Amino acid sequence: MTEFNWAHPVFFYFLPLALLPWLFLNTTKTVVWQGFIPRDSLSLILSWLSKLSASVAIIFLLLALANPYIPEQVVERTRQGAEFVILLDRSRSMDDQFARPPWNTLRRDTVISRSKREVSRDYLAEFVKRRPDDRFGYVFLAPNQLKY
């Protein structure tokens, strides 16, 4: 079972403030003769409930200010296989060069030009090889299916 820790336990010293709603009795009116006032049990119950709810609210506010937390724990979860859906683009732009040098630089002959399709195929094949227990789903998207 995990235990709570408190970031600011000094707020527990203020818990006696929860008694404040019970100490104020000046809400009664002075009447010359008490016999004129009928006994109202519903008002008495509502008065007790309002004082109790105010005390509980003060206690909960002080507990929140004390900032309870559970210390960090390491939980290892292992699962077998995951499910992936891969969206593949079949537009003509995938035949363009993947990383061409900027237009304002000199051309170098050592640059290997590969298309976006080749680069994405290599990365995808490497990703699939590293995850043998996973299931993959492929969705091919034609250029006329694109909606912007």
Side-chain angles (χ1 to χ4, degrees), residues 1-91 93-94 96-105 111-112 114-148:
M1 182 167 175
T2 60
E3 66 179 51
F4 282 106
N5 286 345
W6 304 92
H8 308 291
V10 72
F11 284 103
F12 289 136
Y13 291 122
F14 297 107
L15 280 177
L17 289 175
L19 296 176
L20 283 178
W22 302 96
L23 297 178
F24 290 114
L25 302 175
N26 61 356
T27 58
T28 60
K29 296 182 180 180
T30 8
V31 178
V32 178
W33 187 44
Q34 296 289 336
F36 285 140
I37 303 174
R39 199 163 262 297
D40 187 10
S41 59
L42 179 63
S43 295
L44 184 64
I45 291 172
L46 289 176
S47 170
W48 278 75
L49 283 177
S50 67
K51 290 178 184 179
L52 181 67
S53 63
S55 294
V56 168
I58 291 172
I59 290 172
F60 284 155
L61 285 173
L62 289 172
L63 288 177
L65 286 172
N67 198 4
Y69 68 94
I70 298 174
E72 179 181 354
Q73 302 172 9
V74 176
V75 178
E76 183 177 338
R77 292 189 176 109
T78 56
R79 300 227 164 102
Q80 203 73 23
E83 296 179 359
F84 291 95
V85 175
I86 298 171
L87 177 66
L88 297 175
D89 183 11
R90 294 185 349 188
S91 64
S93 67
M94 292 300 288
D96 293 344
Q97 188 176 355
F98 176 67
R100 67 172 193 261
W103 293 106
N104 60 354
T105 60
V111 175
I112 300 171
R114 296 175 55 194
S115 69
K116 293 178 191 177
R117 184 182 320 270
E118 292 170 350
V119 172
S120 63
R121 182 186 62 221
D122 293 343
Y123 277 122
L124 191 57
E126 181 182 341
F127 179 73
V128 169
K129 263 189 236 174
R130 287 186 182 179
R131 306 188 64 112
D133 295 332
D134 296 337
R135 296 189 326 185
F136 294 93
Y138 298 99
V139 176
F140 293 99
L141 189 62
N144 58 359
Q145 294 173 331
L146 292 174
K147 305 244 193 253
Y148 296 105

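Just so it is clear, the model here is predicted, and its values are computed rather than measured.
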Practice prompt. Look only at the side chain of Asp134 and the backbone of Ala82, and say whether a donor-acceptor pair between them is shorter than 3.5 Å.
Written response: yes
For [X] versus [Y], what's the shortest heavy-atom pair and its separation?
{"X": "Ala18", "Y": "Ser55", "answer": "O-OG, 2.7 Å"}
{"X": "Ile58", "Y": "Leu17", "answer": "CD1-O, 3.7 Å"}
{"X": "Ala66", "Y": "Trp6", "answer": "CB-CE3, 3.7 Å"}
{"X": "His8", "Y": "Asn67", "answer": "CD2-CB, 4.0 Å"}
{"X": "Ile86", "Y": "Phe136", "answer": "CD1-CD2, 3.7 Å"}

Discussion item. With a sphere of 6.0 Å drawn around CH2 of Trp48, does it hold more than 12 non-hydrogen atoms of other residues, nucleotides or ligands?
Written reply: no
Worksheet item: Taking side chain as C-beta onward, heavy atoms only, is Ser47 less than 4.5 Å from Lys51?
Response: yes
Discussion item. Which residue is it: Phe14, Phe12, Tyr13? I am looking for the one with a side-chain contact (heavy atoms from CB on, under 4.5 Å) to Leu62.
Written reply: Phe14
Worksheet item: After noting the C-alpha distance and the side-chain angles of Leu63 and Phe11, does the key distance pass the side-chain contact (heavy atoms from CB on, under 4.5 Å) rule?
Response: CA-CA 7 Å; Leu63 288 177; Phe11 284 103; over 6 Å; no
Worksheet item: So Phe127 and Phe84, would you call those rings parallel, tilted or perpendicular, with 30° and 60° as cut-offs?
Response: perpendicular
